[in-house]
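In what follows, every chain begins at residue 1, and chains take the letters A, B, ... in the order their sequences are listed. Reckoned from all heavy atoms, side chains included, excluding hydrogens, waters and symmetry mates.
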Number of protein chains: 2
Amino acid sequence: METITIKDIAKALNLSTSTVSRALRNSYEINPETKKLVMEYAERMNYRPNPIALSLKDSKSKSIGVIIPEIANHFFSQLINGIESIAYNLGYHVVIFQSHDSYEREVANTNYLVSRRVDGLLVSLASLTTNLIHFQELMEKGLPIVFLDRVPNDIETHKVVADNFRGSYEATEHLILSGRKRIAHLTSPIYLSITTERLAGYKKALEDYGIPFDESYVKYCLYGGKIKAENEAAIEEMLNLPEPPDAIFTASDRLTTGCMAVFQRKGIRVPDEIAIVGFTNISVADLLNPPLTTVMQPAMEMGQQAVELLIRLIEHPQKDEKFETRSLKTALTIRASSVGKTVV
Amino acid sequence: METITIKDIAKALNLSTSTVSRALRNSYEINPETKKLVMEYAERMNYRPNPIALSLKDSKSKSIGVIIPEIANHFFSQLINGIESIAYNLGYHVVIFQSHDSYEREVANTNYLVSRRVDGLLVSLASLTTNLIHFQELMEKGLPIVFLDRVPNDIETHKVVADNFRGSYEATEHLILSGRKRIAHLTSPIYLSITTERLAGYKKALEDYGIPFDESYVKYCLYGGKIKAENEAAIEEMLNLPEPPDAIFTASDRLTTGCMAVFQRKGIRVPDEIAIVGFTNISVADLLNPPLTTVMQPAMEMGQQAVELLIRLIEHPQKDEKFETRSLKTALTIRASSVGKTVV
DNA sequence: GTGAAAGCGCTAACAA
DNA sequence: TTGTTAGCGCTTTCAC
């Protein structure tokens, strides 16, 4: 790869590298003629500065690292699109890593990105992460980090989340108002922020409508629906309760489609036998059988806001920064999967 | 970010940086005692070599660049998973960029990745790319590139594709055998390899079964279904033909779901009025209404094979390398969207 | 067995 | 206005 360097230009033009460097950066101290000479030559030779050299020099890279649980997921891929659209315009590159919900991989990815000198980190926690020191240490060292979606409670920084409480409340309320009495909740591991927030919204709605909360109607899936058997077992358990639920509110993409698959396989009619509302950004909710009532998160916008906050943090580091947690509205779209009374 | 360097270790241990460097790389010429001393200290201080410095030194980065049209797409996100799984195990990092099917962004991404010194490139062409010199130049300079899925005809290198011809043939054949007479084909821009291959399979099946090929039954969507109106217009045109099709074979994820959405909106009954088979890796084909007959590509495996080929190319550069094009089998899964005779 | 020095590409403090 | 030099972190000749 014989790429051209500043040195080559200097040699060709009989100048010093520093002169060339300054000319290229359009420094005021360089003679306009020299500048022109250098710039034209550089242009002609298709000179591109070596970002690695730059990074080595000042430990900056004009790139930000993104660590998310997985890419093959509507919510996260939309998130990425939001992040990229803004980052790109602001001159930053985005490096994406998947934790696959593993703590070890999250740590490994973090270390790698840091060693690669990313200027900041955008993180949605792995579901199996409970220990946060790898992030805390970095923040103490001054690395800007913004969390989104799955955020930690005990780290002080900018955070961008969906209004999970409200979204969950509305979903549950909708089921109640549609006449459902025994509403189950299928959700992610309990130590995720999204889990507790969604659970709280669910509980509050039940409470507000005078429906007693029943612990046996809530199932936590450690692998968030990625392991079919786990999903299936949880649903099975619910259906075998003395009083099986007549509605289910699922807390994520995977849990929702997994749940519908189970119903289909078992020949359980939706919404006749059981209604379902999913907290999901699946793009084909309309086309499902039956069309799926969803709580959609503004994924794209969440990504955009998070990256804006991060870049602000990167470019204007302030010790006394007021950190904010932005909570964006979700959107309940009612479709056939949750309306229609159970046939008794 | 006060990360520890070799210099720090040298100073602390009263050694030279070269000794420390050699000790860390377990060089034979270093005294075992010194080695132990250095290694233990490094371990204790949590020393991590700076990959940027290494990259600068020998223009290698142990990372590979991936350029794909988009992430928010089942096929491509599975592809990425395949790539990452292998790359990770072989000690390579994966940097992903989206071209969003724009030629300019593809070029920009390529340039950036090269300047970042990726050791090789994995590319699925943007649908609007016709000019390939940006890749050709790099290959001439010795940068290994492997193409997958959307591959160029006129570049000699490893390629990994699905057996588009066969997949397409089988889909069309299936529709014919189900009694369909007027089979339309909704597809991507004509200058993509996948388009011509799929078109060829479609034509061959028609031919083999004695059905005349009718150009007006084929529509090319320049934006591959990402622009709703385009999609809709194409379908509209078909439906308004004197003899509208009784089946449609769609060539991609987006085109397929877009098509189903149009049918739903217009109240066109599938498969009664029109059958549909999609070339798609959508994960919820089973849950759609009606369940969708699909030709699935082995996306994960395609990613794995491509990255294997690429890494082989990187680690054993051979001038006289025999390049291979691997063609992986697709899988036709028949569901309700294509079976059942049109109600006359 | 260990150290000094050069170099990867670039910038910036200091000289001229 | 331009050049010299040092340094970012690391490896690698070449000396000792």
Side-chain angles (χ1 to χ4, degrees), chain A residues 1-39 41-42 45-63 111-112 114-119 141-142, chain B residues 1-39 41-42 45-63 111-112 114-119 141-142:
Chain A
M1 307 272 4
E2 350 80 23
T3 36
I4 182 167
T5 73
I6 275 195
K7 206 166 159 186
D8 299 325
I9 301 181
K11 206 173 297 170
L13 265 41
N14 239 308
L15 291 166
S16 76
T17 58
S18 44
T19 303
V20 174
S21 171
R22 278 181 284 228
L24 288 172
R25 330 196 73 238
N26 205 3
S27 158
Y28 67 97
E29 27 180 22
I30 297 294
N31 182 323
E33 305 228 327
T34 316
K35 229 183 242 181
K36 190 155 167 267
L37 197 66
V38 171
M39 287 187 158
Y41 186 80
M45 300 306 281
N46 200 21
Y47 167 78
R48 295 279 173 274
N50 180 336
I52 303 217
L54 289 172
S55 298
L56 183 59
K57 184 112 199 40
D58 43 54
S59 290
K60 284 208 173 318
S61 59
K62 275 283 187 180
S63 70
N111 289 337
Y112 181 73
V114 169
S115 74
R116 274 275 156 209
R117 298 293 182 277
V118 290
D119 299 335
K141 289 189 188 166
Chain B
M1 309 276 359
E2 349 81 20
T3 36
I4 182 167
T5 74
I6 275 195
K7 206 166 159 186
D8 300 324
I9 301 181
K11 207 173 296 169
L13 265 39
N14 239 308
L15 292 166
S16 77
T17 57
S18 36
T19 303
V20 174
S21 171
R22 277 182 282 230
L24 288 172
R25 330 197 73 239
N26 205 5
S27 159
Y28 67 95
E29 28 180 22
I30 297 294
N31 182 323
E33 305 228 326
T34 317
K35 230 182 240 180
K36 189 154 167 268
L37 195 68
V38 171
M39 287 189 157
Y41 185 80
M45 300 306 280
N46 199 22
Y47 168 78
R48 294 278 173 277
N50 180 337
I52 304 217
L54 290 172
S55 298
L56 183 58
K57 187 109 199 40
D58 42 54
S59 289
K60 285 215 172 314
S61 59
K62 276 281 187 181
S63 69
N111 288 336
Y112 180 74
V114 169
S115 73
R116 274 276 157 206
R117 297 291 182 276
V118 290
D119 299 333
K141 289 190 188 165

Rounded distance (Å) that lies between atom [atom2] of [N] and atom [atom1] of [X]:
| X | N | atom1 | atom2 | answer |
| --- | --- | --- | --- | --- |
| B:K57 | D:dT12 | NZ | P | 7 Å |
| A:L13 | D:dT1 | CG | C1' | 15 Å |
| B:K7 | D:dA6 | NZ | C1' | 10 Å |
| B:R117 | C:dC10 | CZ | C1' | 12 Å |
| A:K62 | C:dT11 | NZ | P | 14 Å |
| B:K11 | C:dT2 | NZ | P | 20 Å |
| A:L54 | C:dC8 | CG | P | 16 Å |
| A:K35 | D:dT1 | NZ | P | 9 Å |

Toward the 5' end of DNA chain C, which comes first, B:N31 or B:D58, by nearest nucleotide?
->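 Result: B:N31.
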Let me know, please, whether B:S59 or A:E29 comes out on the 5' side of the other along DNA chain C by nearest nucleotide.
->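 Its nearest nucleotide lies further toward 5', so the answer is B:S59.
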Check whether any side-chain heavy atom of B:Y47 lies under 4.5 Å from a side-chain heavy atom of B:L24, and answer yes or no.
->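 A side-chain contact exists here, since the closest heavy-atom pair is under 4.5 Å.
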Base, sugar-phosphate alone, or nothing: which one does [X] contact when heavy atoms must sit under 4.0 Å apart?
| X | answer |
| --- | --- |
| A:T34 | sugar-phosphate |
| B:R22 | base |
| B:T5 | sugar-phosphate |
| A:S21 | base |
| A:I52 | nothing |

Scan B:V20, B:L15, B:T19, B:N50 and name whichever one has a side chain to side chain contact (heavy atoms under 4.5 Å, CB included) with B:I6.
->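 For B:I6, the side chain to side chain contact (heavy atoms under 4.5 Å, CB included) check succeeds only for B:V20.
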Does [X] put a side-chain nitrogen or oxygen below 4.0 Å from OP1 or OP2 of [N]?
| X | N | result |
| --- | --- | --- |
| B:S18 | C:dT2 | no |
| B:Y47 | D:dC10 | yes |
| A:T19 | D:dT2 | no |

Just wondering, are more than 12 heavy atoms of other shown residues or ligands nearer than 6.0 Å to CD in A:E33?
->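 No - once you tally the heavy atoms of other residues, nucleotides and ligands closer than 6.0 Å, there are 12 at most.
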Gap separating the NZ atom of B:K36 from the CG atom of B:N31, nearest 0.5 angstrom |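 Rounded to the nearest 0.5 Å, the NZ-CG separation comes out at 11.5 Å.
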Below 3.5 Å, can you tabulate the donor-acceptor pairs from side chains in residues 52-59 of chain B to any protein atom, sequence neighbours excluded?
from	atom 1	to	atom 2	distance (Å)
B:S55	OG	A:R116	NH2	3.2
B:S55	OG	B:P51	O	2.9
B:S55	OG	B:K60	O	3.0

Nearest to the side chain of A:L15 - D:dC8, D:dT11, D:dG3?
->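 Between D:dC8, D:dT11, D:dG3, the one nearest the side chain of A:L15 would be D:dG3.
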Which one, C:dC10, C:dC8, D:dT12, comes nearest to the side chain of A:A53?
->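 The answer is C:dC10, which lies nearest to the side chain.
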